[in-house]
Amino acid sequence: MPEVRMHLHPNADPAEVVVVSNERCTAGRKPAGFIRHVVFDVSGTRLEGSFRPGQSFGVIPPGVDARGVPHKVRLYSTSSPTRGEDGQGRHVATTVKRLIDEHVETGRLFLGVASNYLCDLKPGDRVKMTGPSGKRFVLPADPWAHDYVFFATGTGVAPFRGMLMDLFPEGEHPGRGDGGRAVLVMGSPYGTDLLYDGQLRALEARSGGRFRYVTAVSRESGWSGDGRLSGYVHDAFGRIAAVDEVLSGGRALVYVCGVAGMELGVLRGLWRSADGAAFVGVDASAGEPGVWTRRMIHKEVRPSRRVFLEVY
Ligand code: NAP
């Protein structure tokens, strides 16, 4: 894995960064969730040029909580490539979903503090930012020595947007040599809630066949066709030829990011794939994949070093 920079601005010494833009990044005009692409100018701080896709930054919302204690730092994955949104490492983005919920007992509206703070930001607003954090969920030091299957649900696509922009830089010949093929399987409740859909389609179109964009939509039964699955991301195994091809190529790395629970279906699919033992080590006591549970993961069912999980 590559050397990454960490904690250049720790929680006790946050950088003050400036909002550049804040736009919706959902595919449809009336999505079920409100998800925004927020870009920050980090120039002049130690964060400039310091993030890799897969790393996170912290945001400290202003104000205090219900007990009068200042809000704590919240982590958000960067969705930018290593060179940043501006090509210079000065503009760093994240992908934020508004948390809007109802209190189970009282029925009162509950709004997530940090997600709504970020989604309400305007260009020019100043924000306290920490980081970078995380060193395990990044592309390897020589990214073109491998091929990739990325499994995302919802805002879990954030790191993959940046990784794909690193692997397929605009205006340059995609990839280097023979490696660097990638498939993204993007899971969303509805087609309206797919994220960065136009951008990912454009990237697929200019990738010379090296990048395949697959959508898995869970709540629309008619979502089927070329690269479209009605169901969950793990339904891609055995149905999307590019996934099976990359996995059996001998140099595939698999990254999983999004809702907790999605990793179980992916590990089952990997184990049943042609090269299953390369991705998952399984004790006899685990039984058939159908009876595996999440509690077995990292115990009887062990992702290999070729599998990277970031789910919560
Ligand atoms: P969302 O829009 O609700 O989409 C989630 C999709 O995943 C839905 O289609 C959902 O299907 C499906 N799904 C639910 N359970 C599944 C399972 N066991 N296996 C496969 N698919 C499943 O997602 P979201 O609200 O944006 O949530 C994204 C999650 O990613 C959040 O929990 C966030 O914390 C996490 N995240 C993590 C990172 C990170 O670790 N760096 C970064 C960004 C986001 P149904 O609901 O229709 O059943």
Side-chain angles (χ1 to χ4, degrees), residues 4 24-28 30-38 51-59 73-80 92-101 112-116 118-119 131-139 149-163 184-197 214-223 228-237 239 243 254-270 289-290 292-297 307-312:
V4 295
R24 272 198 185 188
C25 54
T26 34
K30 293 208 167 186
F34 304 110
I35 307 177
R36 304 188 73 88
H37 179 74
V38 189
F51 286 101
R52 277 177 184 264
Q55 288 191 294
S56 303
F57 53 73
V59 170
V73 69
R74 264 77 155 192
L75 291 181
Y76 288 87
S77 282
T78 166
S79 42
S80 301
V92 178
T94 190
T95 316
V96 199
K97 181 176 186 175
R98 286 188 190 271
L99 176 63
I100 303 171
D101 212 341
V113 170
S115 67
N116 284 289
L118 287 174
C119 286
S133 329
K135 59 181 175 187
R136 277 189 275 274
F137 199 79
V138 293
L139 288 177
V149 184
F150 299 123
F151 291 96
T153 49
T155 53
V157 75
F160 302 142
R161 175 185 180 266
M163 289 179 187
L184 168 67
V185 187
M186 169 70 203
S188 222
Y190 302 99
T192 49
D193 290 58
L194 288 165
L195 299 172
Y196 305 112
D197 188 58
V214 177
T215 52
V217 165
S218 55
R219 303 184 199 173
E220 288 183 49
S221 54
W223 193 268
R228 288 158 68 118
L229 295 165
S230 275
Y232 283 161
V233 290
H234 54 246
D235 293 319
F237 292 100
R239 290 199 203 154
V243 169
V254 177
Y255 290 67
V256 182
C257 188
V259 290
M262 68 179 290
E263 72 279 27
L264 185 59
V266 172
L267 291 174
R268 285 178 176 145
L270 288 172
W292 294 355
T293 62
R294 286 189 68 214
R295 298 180 76 175
M296 292 180 179
I297 298 173
V307 179
F308 302 79
L309 304 179
E310 184 106 339
V311 287
Y312 46 82

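Residue indices begin at 1 and follow the sequence shown. Counting starts at 1 for both ligands and their atoms, following the listed order. Note that the structure is a prediction, hence the values are computed from the model and not measured.
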With a cutoff of 4.0 Å, is [X] in contact with ligand 1, counting heavy atoms of the residue only?
{"X": "Cys257", "result": "yes"}
{"X": "Pro159", "result": "no"}
{"X": "Ser188", "result": "yes"}
{"X": "Asp193", "result": "no"}

(request) Please could you name the atoms of ligand 1 that Arg219 approaches to less than 4.0 Å, counting only its heavy atoms? (result)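 Listed by number with element: 45 (P), 46 (O), 47 (O).
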(message) As an exercise, identify every atom of ligand 1 less than 4.0 angstrom from a heavy atom of Glu310.
(response) 39 (C), 40 (O), 41 (N)
State whether the side chain of [X] and the backbone N or O of [Y] hold a donor-acceptor pair below 3.5 Å, judged by distance alone.
{"X": "Asp193", "Y": "Gly33", "result": "yes"}
{"X": "Arg161", "Y": "Ser79", "result": "yes"}
{"X": "Ser230", "Y": "Ser221", "result": "yes"}
{"X": "Asn116", "Y": "Gly112", "result": "yes"}
{"X": "Arg268", "Y": "Trp292", "result": "yes"}
{"X": "Gln55", "Y": "Pro53", "result": "no"}

Please write down residue, atom name and distance for the protein heavy atom closest to [atom].
{"atom": "atom 19 (N) of ligand 1", "result": "Met262 CA, 3.3 Å"}
{"atom": "atom 42 (C) of ligand 1", "result": "Ser77 OG, 3.4 Å"}
{"atom": "atom 7 (O) of ligand 1", "result": "Thr153 CG2, 3.2 Å"}
{"atom": "atom 27 (O) of ligand 1", "result": "Val259 CG1, 3.7 Å"}
{"atom": "atom 23 (O) of ligand 1", "result": "Gly154 CA, 3.5 Å"}
{"atom": "atom 26 (O) of ligand 1", "result": "Thr155 N, 3.0 Å"}

Please determine if [X] has a nitrogen or oxygen closer than 3.5 Å to a nitrogen or oxygen of ligand 1.
{"X": "Lys97", "value": "yes"}
{"X": "Tyr232", "value": "yes"}
{"X": "Pro189", "value": "yes"}

(request) Please name all residues satisfying salt bridge (Lys or Arg N to Asp or Glu O under 4.0 Å) with Arg52, sequence neighbours left out, ordered by chain then number. (result) none
(request) Show your working on ring-ring contact (aromatic ring centres under 6.0 Å, His included) between Tyr76 and Phe57 and close with a plain yes or no. (result) CA-CA 6 Å; Tyr76 288 87; Phe57 53 73; 7.1 Å; no
(message) Please find the pair of heavy atoms, one from Ser218 and one from Tyr232, that lie closest to each other, and give the distance.
(response)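 Closest approach of Ser218 to Tyr232, heavy atoms only: CB-CE2, 3.6 Å.
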(request) Select the closest option to atom 8 (C) of ligand 1 among Gly265, Ser56, Ser218, Gly187, judged by heavy-atom distance. (result)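 Among Gly265, Ser56, Ser218, Gly187, the closest heavy atom to atom 8 (C) of ligand 1 belongs to Ser218.
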(request) Check each of Tyr312, Tyr190, Tyr76, Phe160 against atom 35 (C) of ligand 1 and report the one with the nearest heavy atom. (result)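 Among Tyr312, Tyr190, Tyr76, Phe160, the closest heavy atom to atom 35 (C) of ligand 1 belongs to Tyr312.
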(request) Could you tell me whether Glu310 and Arg136 make a salt bridge, using a distance below 4.0 angstrom between a side-chain N and a carboxylate O? (result) no
(request) Mind checking ring pair (Phe, Tyr, Trp, His ring centres under 6.0 Å) for Phe237 and listing every partner two or more places apart, or none if nothing turns up? (result)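 Expected list: Phe151.
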